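Down below is the structure, laid out as structure tokens.
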Number of protein chains: 2
Amino acid sequence: MSVRQAVRPGGRSLRVQQAVHAAVGELIAEVGRDALTVPQVAQRAGVTSSTIYRRWGDLATLVSDVARRSLRTDCPIRLTGDFATDLAAWAEMYQDEMDSTPGRNMVRDVLRGWDGTTAACALLEAVRPVVETILTAAGPPVGLSADRVIDAVVAPVLMRLIFADAPLPAGLAREAALRVAAVARTNVPPS
Amino acid sequence: MSVRQAVRPGGRSLRVQQAVHAAVGELIAEVGRDALTVPQVAQRAGVTSSTIYRRWGDLATLVSDVARRSLRTDCPIRLTGDFATDLAAWAEMYQDEMDSTPGRNMVRDVLRGWDGTTAACALLEAVRPVVETILTAAGPPVGLSADRVIDAVVAPVLMRLIFADAPLPAGLAREAALRVAAVARTNVPPS
DNA sequence: ATCCTAACGCAAATATATTGCTTTTATCCC
DNA sequence: GGGATAAAAGCAATATATTTGCGTTAGGAT
């Protein structure tokens, strides 16, 4: 039921993994996630169903596995060194990226493969290094940890994406970023 | 695939619903969520599998449906009228309730039944009236909406519950509540 | 009381998931 | 290179779950 990281990282195992991942991507585009089945993926990838079941456990885990790999972890923001500016710019980009059709699909797919007990997924871990980069570039504001920033900026986006009925308000993440930056500034002893 | 609210709210339909819900609760306690199957639930409830498939669509939707009903929506906090005090007290209670085994299971079950497109679920809607009650009892602080409070207090709890590896830090929600209350205070013109 | 039909039961047909055993083939070690 | 080893894949039989057509039951309305 759990994804085994392929003990053998090359050769046939790798080819099978690539073929299966590609098949999932193609078929989701063709028939949609809801009509996707394991036997279908197996046939398209040229493997047997039992291979998929043994390696991934079930369809949700497989799709979740594929979805995770579409996460971008880099920070395509030009850093100015000004904390409020940098964080706001990144926050805006983050919200746009998550609140898109592929972004929402990815969140949905990752959650469907979640087993509920172990660590949820890489969704947050992909975000932390970026936030830390922005923090250190700014040198970093008093009393602000990456955790605090993620709680303030990322959490509302994810929460509303999943649980809220209404679409995300424009500027939600950007304003949260500016707010948390402003609070940090008030904590700085006024020289 | 979607939960049809029983068009007939009484009689046999109601009895079937109650029997099925009870069976789900019992069997989850006995064999665990992961070993639960539709035929098993059907047998325990004294109905046929096709009844369950036709009415709920699949197991995840059924379990999600049951989980939603275990949400408590009332506010068991004695309101003092002081915003910071009341919100902090509720936040602490909320975190404790969500960060328990039944709380985490509920979140997990609700998400597993999520179809990813429509409104996620009642998890947030159950919280909003409570926050609004606290806000109005305090009369309400300048520049603070229920949304803002939920973003600040509830979002980090839910996000970490789902996506974070580490256990919830003690006092996470309480401190977030105090922080948002403090910010609100600074917005009030100093009489 | 009688009609209407949503909801259920039954059972057959289909689809999906699991598993024991065999075969292939990376990888390791000489 | 060449052989030993075991992980990973294939195959096929089996078990389990899901879907579906059709007849039946019983709320709820007239």
Side-chain angles (χ1 to χ4, degrees), chain A residues 1-24 26-28 30-66 69 109 112-116, chain B residues 1-24 26-28 30-66 109 112-115:
Chain A
M1 203 47 110
S2 62
V3 177
R4 297 174 291 184
Q5 289 302 5
V7 185
R8 294 187 173 180
R12 183 168 62 165
S13 295
L14 179 61
R15 285 197 303 276
V16 167
Q17 192 198 51
Q18 289 174 335
V20 169
H21 277 181
V24 169
E26 292 169 22
L27 287 169
I28 283 183
E30 288 172 26
V31 307
R33 166 66 178 81
D34 288 341
L36 201 68
T37 65
V38 169
Q40 200 181 15
V41 173
Q43 181 175 11
R44 172 70 62 102
V47 303
T48 59
S49 294
S50 61
T51 294
I52 292 181
Y53 286 119
R54 279 205 252 258
R55 215 167 136 167
W56 282 277
D58 60 16
L59 184 62
T61 305
L62 169 58
V63 174
S64 177
D65 191 40
V66 174
R69 288 169 201 274
D109 291 337
R112 281 199 172 172
W114 182 37
D115 68 359
Chain B
M1 202 50 108
S2 64
V3 177
R4 296 175 292 183
Q5 289 301 6
V7 185
R8 294 187 174 179
R12 183 166 62 165
S13 295
L14 179 62
R15 286 197 302 276
V16 166
Q17 191 198 51
Q18 289 173 336
V20 169
H21 279 181
V24 168
E26 291 169 23
L27 286 169
I28 283 184
E30 289 173 26
V31 307
R33 166 66 178 82
D34 288 341
L36 201 68
T37 65
V38 169
Q40 200 181 15
V41 173
Q43 181 175 10
R44 171 71 61 102
V47 302
T48 59
S49 293
S50 61
T51 294
I52 292 181
Y53 286 118
R54 278 204 254 253
R55 212 166 139 169
W56 283 277
D58 61 17
L59 184 62
T61 304
L62 170 59
V63 174
S64 177
D65 191 40
V66 174
D109 291 336
R112 280 196 172 175
W114 181 39
D115 69 359

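Just so we're clear, the structure is a prediction, and the values are computed from it rather than from any experiment. All chains are named by letter (A, B, ...) in the order of the sequence lines, taking the proteins before the strands, and each is independently numbered beginning at 1. Any value given below was found using the heavy atoms of this structure, including those in side chains, with hydrogens, waters and symmetry copies removed.
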Under-4.0 Å salt bridge between A:Arg112 and B:Asp58: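 No salt bridge links A:Arg112 with B:Asp58.
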
Figure out the [atom1]/[atom2] separation between [X] and [N], and round it to whole Å.
X: B:Asp34; N: D:dA17; atom1: CG; atom2: P; result: 14 Å
X: A:Ile52; N: D:dG10; atom1: CD1; atom2: P; result: 9 Å
X: B:Gln17; N: C:dA6; atom1: CD; atom2: C1'; result: 15 Å
X: A:Leu59; N: C:dA15; atom1: CG; atom2: P; result: 17 Å
X: A:Gln43; N: D:dC11; atom1: CD; atom2: P; result: 13 Å

Which sits closer to the 5' end of DNA chain D, A:Val16 or B:Val38, going by the nucleotide each is nearest to?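 That would be A:Val16.
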
Could you tell me whether the side chains of A:Thr61 and A:Ser64 share a donor-acceptor contact shorter than 3.5 Å?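 No, no side-chain donor-acceptor pair sits under 3.5 Å.
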
If I take atom CG from residue A:Leu27 and atom CD from residue A:Gln43, how far apart are they, to the nearest 0.5 angstrom?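 The CG atom of A:Leu27 sits 9.5 Å away from the CD atom of A:Gln43.
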
Measure from the side chain of B:Thr37, starting at C-beta and using heavy atoms only, and say which of D:dA17, D:dA9, C:dC8 lies closest. D:dA17

For the side chain of A:Arg12, counting heavy atoms from C-beta on, which of C:dT25, D:dA17, D:dC11 is nearest? C:dT25

Can you tell if the side chain of B:Ile52 reaches within under 4.5 Å of the side chain of B:Val41, non-hydrogen atoms only? yes

N or O in side chain of B:Thr48 less than 4.0 angstrom from C:dC10 OP1/OP2: no

Counting distance alone, no hydrogens or angles: does the base of [N] have a donor or acceptor under 3.5 Å from a partner atom on the side chain of [X]?
X: B:Arg54; N: D:dT19; answer: no
X: B:Arg15; N: D:dG27; answer: no
X: B:Ser50; N: C:dC10; answer: yes

